[in-house]
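Worksheet: one structure, shown below.
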Protein chains: 2
Amino acid sequence: MQRRNTYQRTVIYEILRGTDSHPTADWIYEKVKQVIPNISLGTVYRNLRVLKEEGLIIELNDGKQSRFDARTDNHYHFKCTNCERIYDIDKENVVDVDVSALKQSGFSVEKIDITFSGICNICNVGEN
Amino acid sequence: MQRRNTYQRTVIYEILRGTDSHPTADWIYEKVKQVIPNISLGTVYRNLRVLKEEGLIIELNDGKQSRFDARTDNHYHFKCTNCERIYDIDKENVVDVDVSALKQSGFSVEKIDITFSGICNICNVGEN
DNA sequence: CTATGTGCAAAGTGTTTGCAAATTT
DNA sequence: AAATTTGCAAACACTTTGCACATAG
(Lines give C-alpha, C1' and ligand atoms only; values in the text may rest on other atoms or scores of the structure.)
Protein backbone atom coordinates (compact mmCIF):
# COMPACT_ATOMS: atom_id res chain seq x y z
CA MET A 1 0.00 0.00 0.00
CA GLN A 2 1.42 3.32 -1.01
CA ARG A 3 0.87 6.14 1.40
CA ARG A 4 -0.27 9.68 0.78
CA ASN A 5 0.68 12.79 2.61
CA THR A 6 -2.54 14.03 4.06
CA TYR A 7 -2.97 17.22 5.99
CA GLN A 8 -4.56 15.29 8.85
CA ARG A 9 -1.60 12.94 9.17
CA THR A 10 0.88 15.81 9.09
CA VAL A 11 -0.92 17.76 11.79
CA ILE A 12 -1.26 14.70 14.04
CA TYR A 13 2.43 13.93 13.73
CA GLU A 14 3.49 17.51 14.37
CA ILE A 15 1.33 17.75 17.48
CA LEU A 16 2.85 14.57 18.83
CA ARG A 17 6.33 15.82 18.06
CA GLY A 18 5.56 18.99 19.96
CA THR A 19 4.89 17.32 23.29
CA ASP A 20 6.69 14.99 25.64
CA SER A 21 3.57 14.22 27.65
CA HIS A 22 2.89 10.80 26.10
CA PRO A 23 -0.69 11.70 25.28
CA THR A 24 -3.69 9.48 24.63
CA ALA A 25 -5.50 9.36 21.29
CA ASP A 26 -8.24 11.47 22.76
CA TRP A 27 -5.89 14.21 23.92
CA ILE A 28 -4.36 14.31 20.45
CA TYR A 29 -7.84 14.44 18.93
CA GLU A 30 -8.72 17.49 21.01
CA LYS A 31 -5.51 19.22 19.97
CA VAL A 32 -5.95 18.45 16.29
CA LYS A 33 -9.50 19.78 16.42
CA GLN A 34 -8.09 23.21 17.20
CA VAL A 35 -6.47 23.10 13.77
CA ILE A 36 -8.90 20.89 11.81
CA PRO A 37 -12.24 21.34 13.60
CA ASN A 38 -14.10 18.62 11.75
CA ILE A 39 -11.52 15.86 11.99
CA SER A 40 -12.89 12.62 13.34
CA LEU A 41 -11.55 10.49 16.14
CA GLY A 42 -11.42 7.52 13.78
CA THR A 43 -9.01 9.41 11.56
CA VAL A 44 -6.78 10.11 14.53
CA TYR A 45 -6.69 6.43 15.45
CA ARG A 46 -6.06 5.37 11.87
CA ASN A 47 -3.21 7.81 11.43
CA LEU A 48 -1.62 6.92 14.73
CA ARG A 49 -1.55 3.34 13.52
CA VAL A 50 0.01 4.38 10.21
CA LEU A 51 2.64 6.52 11.91
CA LYS A 52 3.46 3.62 14.16
CA GLU A 53 3.77 1.24 11.20
CA GLU A 54 6.14 3.70 9.58
CA GLY A 55 8.24 3.77 12.73
CA LEU A 56 7.72 7.47 13.29
CA ILE A 57 6.07 7.03 16.67
CA ILE A 58 5.78 4.37 19.33
CA GLU A 59 2.80 3.18 21.30
CA LEU A 60 2.91 2.78 25.06
CA ASN A 61 0.66 0.49 27.03
CA ASP A 62 -0.72 2.36 29.97
CA GLY A 63 -3.50 0.38 31.51
CA LYS A 64 -6.43 0.21 29.15
CA GLN A 65 -5.45 3.26 27.16
CA SER A 66 -2.71 3.59 24.64
CA ARG A 67 -0.33 6.50 24.83
CA PHE A 68 1.85 7.73 22.02
CA ASP A 69 5.37 9.04 21.80
CA ALA A 70 7.16 10.66 18.88
CA ARG A 71 10.47 9.86 20.50
CA THR A 72 11.51 6.61 18.90
CA ASP A 73 15.05 6.14 20.09
CA ASN A 74 15.58 3.54 22.78
CA HIS A 75 14.62 5.01 26.11
CA TYR A 76 12.65 4.09 29.20
CA HIS A 77 9.77 5.56 31.16
CA PHE A 78 8.88 6.61 34.66
CA LYS A 79 5.24 6.77 35.67
CA CYS A 80 4.27 8.77 38.72
CA THR A 81 1.65 6.92 40.73
CA ASN A 82 0.50 10.22 42.20
CA CYS A 83 0.05 12.59 39.24
CA GLU A 84 0.12 9.92 36.51
CA ARG A 85 2.64 11.88 34.49
CA ILE A 86 4.96 9.82 32.34
CA TYR A 87 8.60 10.85 32.04
CA ASP A 88 11.24 9.82 29.56
CA ILE A 89 14.30 8.22 31.08
CA ASP A 90 17.52 8.03 29.11
CA LYS A 91 18.96 4.57 29.17
CA GLU A 92 22.49 5.69 29.86
CA ASN A 93 23.71 5.29 33.42
CA VAL A 94 20.45 3.80 34.58
CA VAL A 95 20.15 0.24 33.48
CA ASP A 96 22.74 -2.30 32.57
CA VAL A 97 21.06 -5.24 30.96
CA ASP A 98 22.90 -8.45 30.30
CA VAL A 99 20.88 -10.67 28.03
CA SER A 100 23.56 -13.31 27.58
CA ALA A 101 21.76 -15.67 29.94
CA LEU A 102 18.63 -15.33 27.84
CA LYS A 103 20.57 -15.86 24.64
CA GLN A 104 22.08 -19.01 26.07
CA SER A 105 18.59 -20.29 26.73
CA GLY A 106 17.70 -19.77 23.09
CA PHE A 107 15.80 -16.50 23.37
CA SER A 108 16.50 -13.72 20.88
CA VAL A 109 15.94 -10.35 22.50
CA GLU A 110 14.77 -7.62 20.14
CA LYS A 111 13.39 -5.05 22.52
CA ILE A 112 13.57 -4.16 26.19
CA ASP A 113 10.79 -2.09 27.70
CA ILE A 114 11.33 -0.69 31.16
CA THR A 115 8.85 1.27 33.19
CA PHE A 116 9.77 2.63 36.56
CA SER A 117 7.01 3.72 38.87
CA GLY A 118 6.93 5.73 42.03
CA ILE A 119 6.71 9.40 42.94
CA CYS A 120 8.10 12.02 40.60
CA ASN A 121 10.21 14.98 41.56
CA ILE A 122 7.34 17.44 41.31
CA CYS A 123 5.07 15.43 43.59
CA ASN A 124 7.90 14.74 46.03
CA VAL A 125 8.42 18.46 46.50
CA GLY A 126 4.72 18.83 47.12
CA GLU A 127 4.02 21.19 44.28
CA ASN A 128 1.24 19.04 42.91
CA MET B 1 -14.27 -3.85 54.19
CA GLN B 2 -13.87 -7.27 55.67
CA ARG B 3 -13.46 -10.06 53.21
CA ARG B 4 -15.13 -13.44 53.06
CA ASN B 5 -13.73 -16.69 51.83
CA THR B 6 -15.91 -17.62 48.95
CA TYR B 7 -15.65 -20.79 46.95
CA GLN B 8 -15.42 -18.78 43.74
CA ARG B 9 -12.46 -16.74 44.98
CA THR B 10 -10.64 -19.84 46.17
CA VAL B 11 -11.07 -21.65 42.87
CA ILE B 12 -9.95 -18.62 40.84
CA TYR B 13 -6.84 -18.24 42.95
CA GLU B 14 -5.95 -21.92 42.80
CA ILE B 15 -6.32 -21.99 39.03
CA LEU B 16 -4.04 -19.01 38.71
CA ARG B 17 -1.51 -20.61 41.05
CA GLY B 18 -1.56 -23.71 38.91
CA THR B 19 -0.34 -22.05 35.73
CA ASP B 20 2.60 -19.96 34.64
CA SER B 21 0.96 -18.92 31.39
CA HIS B 22 -0.06 -15.41 32.54
CA PRO B 23 -3.65 -15.93 31.43
CA THR B 24 -6.33 -13.40 30.61
CA ALA B 25 -9.52 -13.02 32.63
CA ASP B 26 -11.39 -14.87 29.95
CA TRP B 27 -9.06 -17.85 29.99
CA ILE B 28 -9.47 -18.05 33.76
CA TYR B 29 -13.23 -17.78 33.37
CA GLU B 30 -13.28 -20.77 31.04
CA LYS B 31 -11.17 -22.81 33.45
CA VAL B 32 -13.29 -21.90 36.46
CA LYS B 33 -16.43 -22.87 34.58
CA GLN B 34 -15.16 -26.43 34.47
CA VAL B 35 -15.43 -26.42 38.26
CA ILE B 36 -18.26 -23.94 38.83
CA PRO B 37 -20.33 -24.06 35.64
CA ASN B 38 -22.59 -21.14 36.43
CA ILE B 39 -19.96 -18.65 37.57
CA SER B 40 -20.16 -15.32 35.82
CA LEU B 41 -17.41 -13.39 34.11
CA GLY B 42 -18.16 -10.41 36.36
CA THR B 43 -17.35 -12.50 39.39
CA VAL B 44 -14.04 -13.49 37.88
CA TYR B 45 -13.14 -9.86 37.25
CA ARG B 46 -14.24 -8.81 40.74
CA ASN B 47 -12.22 -11.53 42.41
CA LEU B 48 -9.13 -10.85 40.33
CA ARG B 49 -9.32 -7.28 41.54
CA VAL B 50 -9.71 -8.41 45.15
CA LEU B 51 -6.80 -10.84 44.87
CA LYS B 52 -4.69 -8.07 43.41
CA GLU B 53 -5.65 -5.69 46.21
CA GLU B 54 -4.63 -8.33 48.73
CA GLY B 55 -1.28 -8.69 46.99
CA LEU B 56 -1.83 -12.34 46.13
CA ILE B 57 -1.56 -11.79 42.39
CA ILE B 58 -0.24 -9.17 40.01
CA GLU B 59 -1.74 -7.73 36.86
CA LEU B 60 0.24 -7.41 33.64
CA ASN B 61 -0.52 -4.98 30.85
CA ASP B 62 -0.46 -6.79 27.59
CA GLY B 63 -1.94 -4.59 24.91
CA LYS B 64 -5.59 -4.04 25.59
CA GLN B 65 -6.02 -7.10 27.72
CA SER B 66 -4.91 -7.65 31.26
CA ARG B 67 -3.06 -10.79 32.17
CA PHE B 68 -2.66 -12.18 35.65
CA ASP B 69 0.15 -13.83 37.51
CA ALA B 70 0.12 -15.57 40.88
CA ARG B 71 3.87 -15.16 41.13
CA THR B 72 4.30 -11.98 43.13
CA ASP B 73 8.00 -11.87 43.82
CA ASN B 74 10.02 -9.39 41.81
CA HIS B 75 10.67 -10.83 38.39
CA TYR B 76 10.55 -9.79 34.77
CA HIS B 77 8.89 -11.04 31.61
CA PHE B 78 9.74 -12.07 28.10
CA LYS B 79 7.07 -11.92 25.43
CA CYS B 80 7.53 -13.90 22.24
CA THR B 81 6.41 -11.85 19.26
CA ASN B 82 5.83 -15.05 17.31
CA CYS B 83 3.79 -17.31 19.62
CA GLU B 84 2.75 -14.61 22.10
CA ARG B 85 3.77 -16.74 25.05
CA ILE B 86 4.91 -14.84 28.11
CA TYR B 87 7.81 -16.22 30.12
CA ASP B 88 9.00 -15.39 33.60
CA ILE B 89 12.53 -14.10 33.81
CA ASP B 90 14.38 -14.16 37.10
CA LYS B 91 15.95 -10.82 37.86
CA GLU B 92 19.26 -12.26 38.95
CA ASN B 93 22.09 -12.08 36.46
CA VAL B 94 19.99 -10.32 33.87
CA VAL B 95 19.50 -6.73 34.75
CA ASP B 96 21.49 -4.39 36.87
CA VAL B 97 19.51 -1.28 37.52
CA ASP B 98 21.05 1.77 39.10
CA VAL B 99 18.39 4.21 40.15
CA SER B 100 20.71 6.61 41.90
CA ALA B 101 20.52 9.06 39.01
CA LEU B 102 16.75 9.05 39.30
CA LYS B 103 16.93 9.49 43.08
CA GLN B 104 19.22 12.46 42.64
CA SER B 105 16.64 14.05 40.37
CA GLY B 106 14.02 13.70 43.09
CA PHE B 107 12.22 10.61 41.83
CA SER B 108 11.36 7.82 44.30
CA VAL B 109 11.36 4.48 42.53
CA GLU B 110 8.94 1.93 43.95
CA LYS B 111 8.69 -0.58 41.16
CA ILE B 112 10.58 -1.58 38.03
CA ASP B 113 8.74 -3.44 35.31
CA ILE B 114 10.78 -4.95 32.53
CA THR B 115 9.47 -6.74 29.49
CA PHE B 116 11.80 -8.24 26.97
CA SER B 117 10.44 -9.13 23.59
CA GLY B 118 11.73 -11.18 20.73
CA ILE B 119 11.66 -14.82 19.73
CA CYS B 120 11.49 -17.50 22.39
CA ASN B 121 13.54 -20.67 22.51
CA ILE B 122 10.69 -22.85 21.26
CA CYS B 123 10.03 -20.68 18.20
CA ASN B 124 13.72 -20.31 17.49
CA VAL B 125 14.07 -24.06 17.24
CA GLY B 126 11.14 -24.10 14.88
CA GLU B 127 8.89 -26.31 16.94
CA ASN B 128 6.03 -23.88 16.85
C1' DC C 1 -8.20 8.87 -13.16
C1' DT C 2 -7.84 5.78 -9.31
C1' DA C 3 -6.19 4.18 -5.17
C1' DT C 4 -5.91 5.95 -0.64
C1' DG C 5 -7.84 8.64 3.04
C1' DT C 6 -11.76 10.97 5.44
C1' DG C 7 -16.01 11.78 8.36
C1' DC C 8 -19.61 9.67 10.34
C1' DA C 9 -21.97 6.38 12.91
C1' DA C 10 -22.35 1.83 14.17
C1' DA C 11 -20.09 -2.15 15.89
C1' DG C 12 -16.52 -4.50 18.56
C1' DT C 13 -13.78 -5.74 22.67
C1' DG C 14 -12.47 -5.95 27.31
C1' DT C 15 -14.05 -4.49 31.76
C1' DT C 16 -17.18 -2.56 35.25
C1' DT C 17 -21.50 -1.97 37.68
C1' DG C 18 -26.56 -1.85 39.60
C1' DC C 19 -29.58 -4.85 41.52
C1' DA C 20 -32.08 -8.58 43.80
C1' DA C 21 -31.07 -13.02 45.54
C1' DA C 22 -27.68 -15.99 47.85
C1' DT C 23 -24.00 -16.85 51.03
C1' DT C 24 -20.52 -16.16 54.64
C1' DT C 25 -19.54 -15.03 59.23
C1' DA D 1 -29.08 -10.96 61.36
C1' DA D 2 -25.90 -8.14 58.77
C1' DA D 3 -22.68 -7.29 55.53
C1' DT D 4 -20.42 -9.21 51.63
C1' DT D 5 -20.62 -11.65 47.33
C1' DT D 6 -22.92 -13.60 43.44
C1' DG D 7 -25.20 -14.05 38.66
C1' DC D 8 -27.16 -11.57 35.29
C1' DA D 9 -27.53 -8.06 32.05
C1' DA D 10 -26.89 -3.55 30.98
C1' DA D 11 -23.59 0.06 30.79
C1' DC D 12 -18.90 1.71 29.91
C1' DA D 13 -14.54 3.26 27.82
C1' DC D 14 -11.50 2.76 24.26
C1' DT D 15 -10.73 1.37 19.61
C1' DT D 16 -11.95 -0.38 15.06
C1' DT D 17 -14.63 -0.56 10.87
C1' DG D 18 -18.11 -0.19 6.73
C1' DC D 19 -19.52 2.98 3.68
C1' DA D 20 -20.10 6.89 0.54
C1' DC D 21 -17.69 10.94 -0.50
C1' DA D 22 -13.30 13.58 -0.91
C1' DT D 23 -8.52 14.08 -2.21
C1' DA D 24 -3.49 13.24 -3.30
C1' DG D 25 -0.53 11.79 -6.73
Main-chain N/O of [Y] paired with [X] side-chain donor or acceptor, under 3.5 Å:
X	Y	result
A:Ser66	A:Asn61	no
A:His75	A:Asp88	no
A:Thr19	A:Ile15	no

Non-neighbouring partners of A:Asp62 that pass salt bridge (Lys or Arg N to Asp or Glu O under 4.0 Å), sequence neighbours left out
A:Arg67, A:Lys79
CG of A:Asn47 to OH of A:Tyr13: how many Å apart, nearest 0.5 Å?
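Reported value, rounded in 0.5 Å steps: 13.0 Å.
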Here's a test of your reading of the structure: between A:Val50 and B:Thr24, which maps to the more 5' nucleotide of DNA chain C?
A:Val50
B:Ser108 versus A:Asn124, side-chain donor and acceptor atoms under 3.5 Å
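Yes, B:Ser108 and A:Asn124 have a side-chain donor paired with an acceptor closer than 3.5 Å.
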Does a donor on one side chain sit under 3.5 Å from an acceptor on the other, for A:Ser100 and A:Asp98?
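Distance-only check passes for A:Ser100 and A:Asp98.
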Treat primed atoms plus P, OP1 and OP2 as sugar-phosphate and everything else as base, then score nucleotides 17-25 of chain C 5' to 3': B for base contact with protein heavy atoms under 4.0 Å, S for sugar-phosphate contact only, - for none.
BB----BBS
In residues 51-70 of chain B, which ones come under 4.0 Å of DNA chain C, going by heavy atoms?
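The stretch gives B:Lys64, B:Gln65, B:Ser66 as the residues lying under 4.0 Å from the strand, ordered by number.
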Look at B:Glu54 together with B:Arg9 and state whether they make a salt bridge at an N to O cut-off of under 4.0 Å.
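Judged by the 4.0 Å cut-off on N to carboxylate O distance, B:Glu54 and B:Arg9 do not form a salt bridge.
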Classify A:Asn47 by what it touches in the nucleic acid, base, sugar-phosphate, or nothing, heavy-atom distance under 4.0 Å.
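The answer is sugar-phosphate, as A:Asn47 gets under 4.0 Å only of primed atoms, P, OP1 or OP2.
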What nucleic acid atoms does A:Leu41 come within less than 4.0 Å of, heavy atoms only: base, sugar-phosphate, or nothing?
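The answer is base, as A:Leu41 lies within the cut-off (heavy atoms under 4.0 Å) of a base atom.
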Whole-Å distance separating the [atom1] atom of [X] from the [atom2] atom of [N]:
X	N	atom1	atom2	result
A:Asn38	C:dA9	CG	C1'	15 Å
A:Arg9	D:dT23	CZ	C1'	12 Å
A:Met1	C:dT6	CE	C1'	14 Å
A:Ile28	D:dT15	CD1	C1'	13 Å
A:Tyr29	D:dC14	OH	P	14 Å

A:Tyr87 and A:Phe78 aromatic ring geometry - parallel, tilted or perpendicular at 30°/60° bounds:
perpendicular
